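Encoded as structure tokens, the structure appears first; notes follow it.
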Protein chains: 2
Amino acid sequence: MRKMNHPAIDDIALSQVLHALSDPVRLDVVRTLARDGVASCSALDGGRPKSSMSHHFRVLRESGLVRTQTDGPAHMNELRREEMDRRFPGLLGAVLGAPAD
Amino acid sequence: MRKMNHPAIDDIALSQVLHALSDPVRLDVVRTLARDGVASCSALDGGRPKSSMSHHFRVLRESGLVRTQTDGPAHMNELRREEMDRRFPGLLGAVLGAPAD
DNA sequence: TTCAATGTTCGAATATTTTCGAACTATCGA
DNA sequence: TCGATAGTTCGAAAATATTCGAACATTGAA
């Protein structure tokens, strides 16, 4: 398995995070992860093709929002909640508390 | 002057707001409006062409972030801060408090 | 070591955004 | 009413994003 790109949290730009969150599919993934803590990619795909989801997970990883770790053949995802809260205080809280689209 | 589209705040979707804020030009406009209160389009253009800025202001208006009113030939813009705070509590505060890109 | 399960990567099609010149509209003052 | 100022709209080009099938890679288990 190729090494995944988990950028340092201080290298993340705000507009990058906002863009990652502005896609409904990804916003949904983030909401689910906030609720469930950890989930595999397939548990979060909502019936969408694997390649589409792989793209979305990459965007989420590159924006610093999600950390992915392998657990057997599965990739387990979780929010980088503490780090995001340190870099962008209140942002995730506001997004997760907002009314669903 | 054609009537501007200022949607009801409750019709705004979160992803719409996040998308509007995810563009660096628009994020800059929002930051400046938060600091200065009210400003004309030309005061916020940063040297960019009028037609480009007109596009960005339209996105900001349609996302509920900005209200535009005519004042003579000029269009004065301001954040819909209270309304946004009611619909998306903490969101603007977090965005405006975040480190500049 | 072969298989099934889980994701990634690649490439191409489609869709959406961004950018900006040119033409147009509105407002105010001379 | 003519001009100057301030923005909008239109249209087209360029840049980005999204989608997804097909092929490939990795893991653990039979």
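Labels below follow one simple rule: chain letters A, B, ... track the order of the sequence lines, proteins then strands, and each chain is numbered from 1. What you see is a predicted model, and the numbers here were worked out from it, not measured in a lab.
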For Leu60(A) and dT18(D), what is the distance between atoms CG and C1' respectively, to the nearest whole Å?
14 Å

To the nearest angstrom, how far is Asp45(B) atom CG from dG21(C) atom P?
13 Å

Residues in residues 17-29 of chain A with a heavy atom under 4.0 Å of DNA chain D, by number, are His19(A), Asp23(A), Arg26(A)

Could you give the CZ-to-P distance, from Arg58(B) to dT8(D), as a whole number of Å?
9 Å

Under 4.0 Å between a side-chain N/O of His75(A) and OP1 or OP2 of dT8(C), yes or no?
yes

Tell me if a side-chain donor or acceptor on Arg26(A) pairs with a main-chain N or O of Ala20(A) at a distance below 3.5 Å.
yes

Of the candidate nucleotides dT8(C), dT9(C), dC20(C), which contains the atom at the shortest distance from the side chain of Cys41(A)?
dT8(C)

Treating Arg61(A) as the side-chain partner and Thr68(A) as the backbone partner, does any N or O pair qualify as donor plus acceptor under 3.5 Å?
no

Between atom CE in Met76(B) and atom C1' in dG7(D), what is the gap in whole Å?
13 Å

Just jot down the salt bridge (charged side-chain N to carboxylate O under 4.0 Å, His left out) partners of Glu78(B), sequence neighbours excluded, or say none.
Arg67(B)

Counting only side-chain N and O atoms of Arg61(B), is one of them less than 4.0 Å from OP1 or OP2 of dT8(D)?
yes

Output yes when a side-chain donor or acceptor of Asp36(B) lies under 3.5 Å from a complementary backbone atom of Val38(B), and no otherwise.
no

When you check the phosphate oxygens OP1 and OP2 of dC20(C), does a side-chain N or O of Ser52(B) lie under 4.0 Å from one of them?
yes

side-chain N/O Thr70(A) vs dT6(C) OP1/OP2, d < 4.0 Å
no

Any donor and acceptor pair, going by atom type alone, linking the side chain of Asn77(B) with main-chain N or O of Ala39(B) inside 3.5 Å?
yes

Closer than 3.5 angstrom, by distance alone: can the side chain of Gln16(A) be matched with the main-chain N or O of Glu62(A) as a donor-acceptor pair?
yes

Rounded to whole angstroms, how far apart are CE on Met53(A) and P on dT8(C)?
10 Å

Can you find a heavy atom in the side chain of Leu65(B) that is under 4.5 Å from one in the side chain of Leu92(B)?
yes

Side-chain N or O of His56(A) less than 4.0 angstrom from OP1 or OP2 on dT19(D)?
yes

Looking at dC28(C), dT8(D), dT18(D), which one has an atom nearest to any side-chain atom of His55(A)?
dT18(D)

Figure out the CZ/P separation between Arg48(A) and dT6(C), and round it to whole Å.
18 Å

Whole-Å distance separating the CZ atom of Phe57(A) from the C1' atom of dT18(D)
16 Å

Using OP1 and OP2 only, check whether a side-chain N or O of Ser51(A) sits under 4.0 Å from dC20(D).
no

Should Ser42(B) be listed as having a side-chain N or O under 4.0 Å from OP1 or OP2 of dG7(D)?
yes

